[in-house]
Amino acid sequence: MSILVDENSRIVVQGITGQEGRFHTIQMLEYKTVVAAGVTPGKGGQDVEGVPVYNTVREAVLNEGVNVSCIFVPPAFASDAIVEAAVAGIKVIVCITEGIPVLDMVKVGNYIKDKNVVLIGPNCPGIISPGKTKVGIMPARIHRKGEIGVISRSGTLTYEVVYQLTNAGLGQSTCIGIGGDPIVGTTFIDHLKRFNDDPDTKGVVLIGEIGGTAEEDAARYIQNSFSKPVIAFIAGQTAPPGKRMGHAGAIISGGQGKAEDKIRALNEAGITVVLNLAMLGKTTKEVIGKN
Amino acid sequence: MTNVHYSCDIKAEESQIGVLTGMKLHEYQAKEIFSKEGIPTPNGHLVDSADEIPKAMRAVTGPPWVVKAQVHAGGRGKAGGVKVARNSYEVAVATEGMLGKPLATKQTGGDGIKVTKVLIEDGVEIDREFYLGMVVDRETRMPTMIFSQAGGMEIEEVAARTPGLILKEHINPITGWLPYQAGNLIYSLDPLPSPGVRKGLASVMANVYKVFIANDCSMVEINPLVVTKDGKVIAVDAKMTIDDNALFRQKDLIELDDPNEKDPLELKAEKYNLNYIRLDGNVGAMVNGAGLAMATMDVIKAAGAAPANFLDVGGGANEEMISKGFEIILLDRRVRAILINIFGGILRCDVLARGVVAAAKTKSIRVPLIVRLEGTNVEEGRKILQESGLKFLVAKDLAEVAELVSKQVQGM
């Protein structure tokens with residue numbers, strides 16, 4: 001099995017006629033992802049690689065029965081695109097767009113909070129269930145079907161991790177990039193819960209980074225309620241304080257956000273934390289492979 | 001006189017909510033925006049040369065006067081960037097002591113930042129000091145007002161030591177800031193301020209929210225927000241950071257960006273939309289994605305070297321951006337080795353390779369170059385590099401990257 005997306009997912013690409021939207025639509029089609037429709041306002045009636053283009057998401061839902069959206073819309077219009085998808089009845093919305101104003105996401109984040117919608121991203125690589133479907137921009141060939149779940153706040157760092165897993169002979173059930181922005185649609189915990197219920201996921205690799213408290217929250221959840229082995233990595237162990245390369249360790253979290261705090265919290269929860277990224281594949285094999 | 005405080009007290013040193021991303025405004029710029037939105041600030045006059053001091057002293061009543069260096073760094077008070085003056089001679093000495101000279105605070109690093117502008121303000125007699133700030137809280141996904149009666153101190157320290165003194169109000173974007181929320185914050189004060197002061201505080205709170213939303217802020221901070229002896233509520237300091245992602249719709253604010261504050265290489269990088277930060281080491285690095293860039297820095301450190309920079313070329317980089325990014329690394333004279341670590345996703349390896357080759361044509365590469373390429377269009381990228389005649393070492397994975405970096409470092 002896998003979580004959130006599989007071979008039955010019917011994808012609508014919002015922003016399909018743009019350069020990125022078109023390129024990655026082709027890549028997704030090559031992976032046998034069912035890209036059933038595209039949306040670009042004003043370009044309804046055209047097609048991209050045989051995929052019909054509609055003016056609105058509502059039309060795409062009515063005509064093609066799409067149930068997952070992948071958004072490549074420019075930042076100024078992306079929050080509109082997310083809400084449009086949610087209102088049209090799309091249940092899994094994957095927003096790739098990088099650079100959406102935070103205050104736009106404040107509105108979107110609060111709007112979808114009590115709706116039955118899963119928003120992945122924004123500013124993320126998307127989600128892939130290897131061998132079934134790929135909804136996003138990750139390079140397909142590094143993935144392999146298998147039993148490891150991957151959840152990450154980073155994009156390219158996720159590829160690095162997946163690449164190592166695959167090289168170590170460990171396939172993946174589903175890999176999710178939850179996004180690097182201050183406001184994202186889902187947390188580590190949301191997906192850990194899904195992986196916990198997925199009989200085909202044997203263990204999870206969790207990739208965090210400095211800033212915020214998402215990793216500490218995940219550590220608490222794993223300790224109390226997660227039954228499978230978890231391997232974690234935290235990027236930014238050597239990032240100098242006061243420079244803006246991660247995210248804000250804001251006052252709201254009581255001065256937290258440092259790599260060392262996260263590593264400690266994860267260790268205390270009994271989670272294996274890999275300090276040297278080059279060793280991640282090997283360590284995961286040692287910890288999860290033997291189970 | 002013993003209980004009279006002026007805004008320059010060391011105690012009143014500004015704090016920093018921290019490493020928030022975004023475009024920082026100067027204190028004087030933030031105060032101009034505050035004034036327009038009805039947040040009271042002290043009378044002040046900005047000078048950029050000593051000749052303007054007499055004019056400033058006519059414009060600002062005093063005594064006393066407060067002389068404040070305008071740099072984007074916390075810790076100005078302790079570093080000598082904020083001084084009280086009781087007469088025109090002292091104003092001149094303080095101002096000339098700052099203008100044109102570097103100010104090094106705990107946040108600027110060793111060399112400090114050259115002061116080009118100084119704000120001369122009315123000193124105010126302080127009865128009480130508060131902290132008032134606003135940021136977006138990730139967890140609730142809401143703008144959040146932070147208020148504390150422990151004003152004038154570093155708020156992070158207050159949060160760590162006496163978290164009970166920090167009050168928060170989350171603001172639902174549907175309703176916006178509501179008067180009851182000011183009540184929640186103000187009526188928890190002990191002693192309770194007079195009705196006039198309560199009204200003043202409530203008004204500042206409502207206006208801070210207005211400023212935050214109207215300017216797409218990632219942070220607004222007033223520390224201290226003071227109540228004067230005569231019962232006025234005044235923002236003695238002002239910090240504003242604008243969300244970089246919203247600058248496309250905040251065109252007036254872009255004008256306020258101060259290039260003097262930045263490293264020349266960082267400035268050049270900014271021109272090409274590259275996320276570049278200069279660091280202290282000597283291994284130049286070009287990476288795509290902030291997470292991988294941070295992890296690559298960790299790998300460099302673990303190999304016994306130190307990164308010369310953080311450079312995330314991002315997902316949407318085109319050939320020109322890559323080429324400019326690579327040029328910036330080549331311009332950094334401290335760089336003794338260069339590492340390119342790219343895992344192509346939305347950024348394609350062929351685009352990367354063409355950019356690097358283009359830069360190498362305009363500038364010679366005199367240091368060892370280590371290249372690790374993976375991901376989208378990797379074969380094409382590798383082919384372009386190999387056929388370019390460029391000399392470089394190939395790392396097939398991160399373990400090899402670490403090994404090669406470590407070898408290069410030993411030779412330095």
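Within every chain, numbering begins at 1; the chains are lettered A, B, ... in the order of the sequence lines, protein sequences first and strands thereafter.
- Proximity to chain B (any heavy atom under 4.5 Å) is restricted, for A:E98, to the side chain, taken from C-beta onward.
- Within the 4.5 angstrom heavy-atom criterion, only side-chain atoms of A:E20, from C-beta onward, approach chain B.
- Most heavy-atom pairs under 4.5 Å with chain B, from the set A:M279, A:H24, A:M138, A:Q27: that is A:H24.
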Run B:R138 and A:I183 through side chain to side chain contact (heavy atoms under 4.5 Å, CB included) and show every step you take. CA-CA 5 Å; B:R138 292 154 178 256; A:I183 296 181; 5.6 Å; no
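- No other option in A:N167, A:T187, A:D104, A:T158 has as many heavy-atom pairs under 4.5 Å with chain B as A:D104.
- Between the side chain of A:K107 and the main chain of B:I174, no donor-acceptor pair closer than 3.5 Å is present.
- Atom NZ of B:K301 sits about 14.5 Å away from atom CG of A:N276, to the nearest 0.5 Å.
- Put simply, the side chain of A:T156 gets close to the backbone of B:N288: a donor and an acceptor are under 3.5 Å apart.
- Residue A:I234 touches chain B through its backbone alone, counting heavy-atom pairs closer than 4.5 Å.
- For the residue pair B:L398 and A:Q164, the shortest heavy atom distance occurs at CD1-NE2, 4.2 Å.
- For B:A399, the parts lying near chain A are the backbone and the side chain together; criterion is any non-hydrogen pair under 4.5 Å.
- For A:S154, the part lying near chain B is the side chain, with the backbone staying farther off; criterion is any non-hydrogen pair under 4.5 Å.
- Most heavy-atom pairs under 4.5 Å with chain B: of the set A:A259, A:G236, A:A278, A:A76, this distinction falls to A:G236.
- The contact between A:V184 and chain B is made entirely by backbone atoms, counting heavy-atom distances below 4.5 Å.
- Relative to the ring axis of A:Y111, B:R141 does not place its NZ or CZ within 45° and under 6.0 Å from the centre.
- Between B:D298 atom CG and A:L275 atom CG the span is 9.5 Å, to the nearest 0.5 Å.
- In terms of heavy-atom proximity, A:D217 sits nearest to B:E139 at OD2-OE1, 4.5 Å.
- Side chains of B:E374 and A:Y159: no donor on one and acceptor on the other come within 3.5 Å.
- B:N245 places a side-chain N or O within 3.5 Å of a backbone atom of A:I100 that can act as its donor or acceptor partner.
- Counted within 6.0 Å of CZ on A:F23, heavy atoms from surrounding residues, nucleotides or ligands total more than 12; the atom is thus considered enclosed.
- Within a 6.0 Å radius of CG in A:N267, other residues, nucleotides and ligands contribute more than 12 heavy atoms.
- Between the CZ atom of B:R249 and the CG atom of A:L103 there is a distance of 7.0 Å, given to the nearest 0.5 Å.
- Taking 4.5 Å as the limit, every side-chain heavy atom of A:M105 sits out of range of all side-chain heavy atoms of B:V136.
- The most heavy-atom pairs under 4.5 Å with chain B, out of A:I137, A:N110, A:V161, come from A:N110.
- Contacts of B:V401 with chain A are absent, with no heavy-atom separation under 4.5 Å from either backbone or side chain.
- Looking at heavy atoms from C-beta onward, A:L157 lies out of side-chain contact with B:F343 at the 4.5 angstrom threshold.
- In this structure the side chain of B:L292 reaches within 4.5 angstrom of the side chain of A:E160, judged on heavy atoms.
- Of the two parts of A:A214, neither the backbone nor the side chain holds a non-hydrogen atom closer than 4.5 Å to a non-hydrogen atom of chain B.
- Heavy atoms closer than 4.5 Å to chain A are found in the side chain of B:R372, but not in its backbone.
- With a 4.5 angstrom heavy-atom cutoff, B:I213 touches chain A via backbone and side-chain atoms both.
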